[in-house]
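Here the structure comes first, spelled out in structure tokens, and everything after it is commentary.
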Protein chains: 2
Amino acid sequence: MANTVQAKQADISITACSYRRVLEIISNKWSALVIYALEDGSLRYGEVRRRIEGVSQKMLTQTLRQLERDGLVRREVTPSVPPVVDYSLTPLGETLINTLRHLKLWTAEYYPLVEKARAEYDRVNGDDGI
Amino acid sequence: MANTVQAKQADISITACSYRRVLEIISNKWSALVIYALEDGSLRYGEVRRRIEGVSQKMLTQTLRQLERDGLVRREVTPSVPPVVDYSLTPLGETLINTLRHLKLWTAEYYPLVEKARAEYDRVNGDDGI
DNA sequence: CGGTATCCGAACGGATACTG
DNA sequence: CAGTATCCGTTCGGATACCG
């Protein structure tokens, strides 16, 4: 911590370290989608599954368990036959969805530009080699 | 498109579909970290690498190429010996970092609660079985 | 300095079958 | 209905060696 440069680098490393952890929460294929599916309120397992096109039973269950462990989603079991299991966002989960909304807005506004950039990149560097 | 329920589900699917694509941009291990490393301006390859603790040469190069293809990062080569390669955010990349900042703020404020939730979950469901 | 190429284990994630 | 268990291919990502 001698000079400002070193101090700043240390700060970046520390920040990056914890920052990486959040990314681990939402960076798998389905977590953010599940959180989004629950934004309007409680849903049963099957309803969540129907809302998220393409998710398998295995991955949905795994994702829900992980989010439950992280304190973002609440799981409520009504022991009946057949069983009823409801999922909803916890207050902590609600705080995260506000943040995720910004990501969604960015997508809506700028994703076409990303696709355009990709097409241009592929046109230039494209299928020339191999 | 008979009733509102179906219409809403369709809308969710479409949104989720494109939303998933942004997640693909930043959901790998290093992309968001690289974007963050470049927030203060242009950096040389080695400087980026030193800023991101733990990244390997292979993954850094791969991540930078991908971000370049997505139009988020610009790569400028000065052909000298030894070569100099500078990386910086494009205007499009700048728009994304504003969004990512919200994620970082969320982390700073709420991540401790996530860790607490995990500890509690593990305490309850913990190492009882297997 | 700033890469590329290759090998390899670990993790991700889909398909299928079975259960309370 | 809401899972669990298993198999298995694909991708991720680190280590190492080499290159212009």
Side-chain angles (χ1 to χ4, degrees), chain A residues 16-17 20-21 23-35 37-38 42-70 73-88 121 125 127-130, chain B residues 16-17 19-21 23-35 37-38 42-70 73-88 121 125 128-130:
Chain A
C17 187
R20 174 150 51 206
R21 295 178 191 279
L23 294 175
E24 280 166 13
I25 294 178
I26 58 145
S27 80
N28 62 69
K29 199 171 178 181
W30 305 107
S31 290
L33 263 24
V34 168
I35 292 175
L38 294 174
S42 179
L43 288 180
R44 294 182 58 176
Y45 180 88
E47 292 173 325
V48 177
R49 196 173 171 197
R50 275 187 293 278
R51 279 212 176 196
I52 305 176
E53 206 168 354
V55 70
S56 67
Q57 210 164 27
K58 173 187 169 183
M59 292 318 297
L60 180 56
T61 299
Q62 188 174 301
T63 303
L64 284 166
R65 285 291 184 286
Q66 185 181 238
L67 292 174
E68 187 194 359
R69 187 172 103 99
D70 289 343
V73 162
R74 177 173 32 242
R75 178 173 183 263
E76 284 172 291
V77 182
T78 306
S80 57
V81 180
V84 173
V85 183
D86 287 288
Y87 291 92
S88 56
Y121 184 94
N125 302 32
D127 320 274
D128 49 270
I130 286 186
Chain B
C17 187
Y19 185 54
R20 175 150 51 206
R21 296 180 189 280
L23 294 175
E24 279 165 14
I25 294 178
I26 59 146
S27 79
N28 62 68
K29 198 171 176 179
W30 305 107
S31 290
L33 263 25
V34 168
I35 293 175
L38 293 174
S42 180
L43 288 179
R44 293 182 57 175
Y45 180 89
E47 293 172 326
V48 177
R49 196 172 172 199
R50 276 187 294 278
R51 279 213 177 195
I52 304 175
E53 206 168 353
V55 69
S56 67
Q57 208 165 28
K58 172 188 170 181
M59 291 318 296
L60 180 55
T61 300
Q62 187 175 301
T63 302
L64 284 166
R65 285 290 184 285
Q66 185 181 239
L67 292 173
E68 187 193 0
R69 186 172 103 99
D70 289 342
V73 161
R74 177 171 33 243
R75 178 174 184 262
E76 283 172 293
V77 182
T78 305
S80 56
V81 179
V84 173
V85 183
D86 287 288
Y87 292 93
S88 56
Y121 184 95
N125 302 31
D128 49 88
I130 285 186

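Here the structure is a predicted model, which means the values were calculated and not measured. Here is how names work: the chains are called A, B, and so on, in the same order as the sequence lines, proteins then strands, and each is numbered from 1.
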Once you round to the nearest 0.5 Å, how far does [atom1] of [X] lie from [atom2] of [Y]?
| X | Y | atom1 | atom2 | answer |
| --- | --- | --- | --- | --- |
| B:Arg65 | A:Tyr121 | CZ | OH | 6.0 Å |
| A:Asp70 | A:Glu68 | CG | CD | 10.0 Å |
| B:Leu23 | A:Trp30 | CG | CH2 | 11.0 Å |
| B:Thr61 | B:Arg49 | OG1 | CZ | 8.5 Å |
| B:Thr63 | B:Leu33 | OG1 | CG | 9.5 Å |
| A:Ile25 | A:Ile35 | CD1 | CD1 | 8.0 Å |

Under 4.0 Å from a heavy atom of chain B: give me the 5'-most and 3'-most nucleotides of DNA chain C that qualify. C:dC1 to C:dC7
Find the distance [X]:[atom1] to [N]:[atom2] and express it as a whole number of Å.
| X | N | atom1 | atom2 | value |
| --- | --- | --- | --- | --- |
| A:Leu60 | D:dA5 | CG | P | 17 Å |
| B:Gln57 | D:dG14 | CD | C1' | 12 Å |
| A:Asp86 | D:dG3 | CG | C1' | 15 Å |
| A:Lys29 | D:dT10 | NZ | C1' | 11 Å |
| B:Glu53 | D:dG13 | CD | C1' | 18 Å |

Is there a side chain to side chain contact (heavy atoms under 4.5 Å, CB included) between B:Tyr45 and B:Arg75 once you walk through the steps? CA-CA 10 Å; B:Tyr45 180 89; B:Arg75 178 174 184 262; over 6 Å; no
Let's see if you can work this out: which of D:dG13, D:dC1, D:dA2 has an atom nearest to the side-chain heavy atoms of A:Arg75? D:dA2
The criterion is salt bridge (charged side-chain N to carboxylate O under 4.0 Å, His left out); which residues satisfy it with A:Arg69, sequence neighbours excluded? B:Asp122
Can you check side chain to side chain contact (heavy atoms under 4.5 Å, CB included) on A:Leu67 and A:Tyr87, steps first, answer last? CA-CA 10 Å; A:Leu67 292 174; A:Tyr87 291 92; over 6 Å; no
Five-pair end axes of the helix from C:dC1-D:dG20 to C:dG20-D:dC1, angle between them (10°): 50°
Would you classify B:Arg49 as touching base, sugar-phosphate or nothing, given that sugar-phosphate means primed atoms plus P, OP1 and OP2, and contacts are heavy atoms under 4.0 Å? nothing
Closest nucleotide of DNA chain C for A:Gln62 versus for A:Pro82: which of these residues is on the 5' side? A:Gln62
